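What follows is a short report on a single structure.
All chains are named by letter (A, B, ...) in the order of the sequence lines, taking the proteins before the strands, and each is independently numbered beginning at 1. Computed from a predicted structure; not experimentally measured.
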2 protein chains.
Amino acid sequence: MSSEQMGLPIKDEDIERAAMSIKAMAHPLRLRILCTLGDREVSVQEIVELVGTSQSNISQHLAILRDKGILASRKDANRVYYRVSDARTLRLISMMKDVFCPAFGS
Amino acid sequence: MSSEQMGLPIKDEDIERAAMSIKAMAHPLRLRILCTLGDREVSVQEIVELVGTSQSNISQHLAILRDKGILASRKDANRVYYRVSDARTLRLISMMKDVFCPAFGS
DNA sequence: TTACTGTATAATGGTATGATTATACACTTG
DNA sequence: CAAGTGTATAATCATACCATTATACAGTAA
């Protein structure tokens, strides 16, 4: 029996937050970034090479993912490395692949 | 080791499809609808009452979810009943709750 | 210091999204 | 048939998003 059926409604602000986070993942380029990262830590320039668009475009999409807490970043010298912020998010990405791209089970 | 690391890139069209489906879920009202449905089959008028906006607005959002294959619908007399289309999508919704609204474990 | 590399931000303009309103369609009942 | 109920669609306008371009910032190397 679900929470909804048990009369425990999810708060509007939680729904809002969740929707905004999911929306952050709901863009082809950003989804590609997430799938490319997997559980690795990758520098911006590598992401640019792997995903294939302009550095500026990648940087803006990375900022969106970082601002929503999907990605975490670490600076080393003049490079910045990005990674998926936590294990649960990583599992969610895996499950998204399962549901929408069954051919590519993680 | 992920598919990406194994050099098995996900096709652009698969990423596009997945992103469009996820985007369909990435709206507060639509996420609320999905959480409200859970594993039940609910009529449009009930959804309108439970979620709380205009019938027209709900109908448009239901159409978006239906068109992306997230929801399935069944007509009975002059009512239409909606449900989450398959078990995997249902699990994905559950996991989204886990990740973004940990207080409401399914 | 200057020059260079790597990354982030600002500004712009075209496109997509979304809530509202009004209307149309499908079905049922009288 | 008409009237009523339940649902879907069309039209509108305001807003949000996105890719591109140019520029700024941080760090390194000479």
* Heavy-atom contacts under 4.0 Å between residues 51-72 of chain B and DNA chain D, which residues? -> Q55(B), S56(B), S59(B), Q60(B)
What does the list of N/O pairs under 3.5 Å between the protein and nucleotides 24-28 of chain C look like, with a distance for each?
unit_1	atom_1	unit_2	atom_2	d
dA26(C)	O3'	K75(B)	NZ	3.3

* Test T53(A) against V48(A) for side chain to side chain contact (heavy atoms under 4.5 Å, CB included), laying out the working first. => CA-CA 6 Å; T53(A) 179; V48(A) 170; over 6 Å; no
Grab the two heavy atoms, one from [X] and one from [Y], that are nearest each other, plus how far apart they are.
X: P28(B); Y: A19(A); answer: N-CB, 3.6 Å
X: I15(A); Y: L31(B); answer: O-CD2, 3.9 Å
X: V80(B); Y: S73(B); answer: CG1-CB, 3.9 Å
X: I70(B); Y: S21(B); answer: CD1-O, 4.0 Å
X: L90(B); Y: G38(B); answer: CD1-O, 3.2 Å
X: E41(B); Y: Y81(B); answer: CG-CB, 3.5 Å

* Basic-acidic side-chain contact under 4.0 Å: D12(A), R32(B) -> yes
* Asked: Counting only side-chain N and O atoms of K23(B), is one of them less than 4.0 Å from OP1 or OP2 of dA16(C)?
  -> no
* Asked: Taking the side chain from S85(A) and the backbone from A72(A), do they hold a donor-acceptor pair closer than 3.5 Å?
  -> no
* Is the backbone of D39(A) close enough, under 3.5 Å, to the side chain of R83(A) for a donor and an acceptor to pair up by distance? -> no
* To do: Report which part of the nucleic acid Y82(B) touches: base, sugar-phosphate, or nothing (heavy-atom distance under 4.0 Å, all strands).
  => sugar-phosphate
* Toward the 5' end of DNA chain D, by each residue's nearest nucleotide, M20(A) or V44(B) -> V44(B)
* Atom-to-atom span, CD of E46(A) to P of dG6(C) - whole angstrom -> 11 Å
* Asked: What is the distance, rounded to the nearest whole Å, between atom CD of E49(A) and atom C1' of dT7(C)?
  -> 14 Å
* **Helical bend (five base pairs per end, nearest 10°) for the helix from dT1(C)-dA30(D) to dG30(C)-dC1(D)** => 10°
* Under the salt bridge (charged side-chain N to carboxylate O under 4.0 Å, His left out) test, which residues partner D76(A), sequence neighbours left out? -> none
* To do: Taking heavy atoms of chain B and a 4.0 Å limit, find me the 5'-most and 3'-most nucleotide of DNA chain D within that range.
  => dT5(D) to dA10(D)
* **Within residues 61-72 of chain A or reaching into it, pairs that qualify as side chain to side chain donor-acceptor pair (under 3.5 Å) - sequence neighbours excluded** => R30(A)-H61(A), N57(A)-H61(A), R66(A)-Y82(A)
* Structure fact -> CD1 (I47(B)) and CG (L62(B)) are apart, to the nearest 0.5 Å, by 5.0 Å
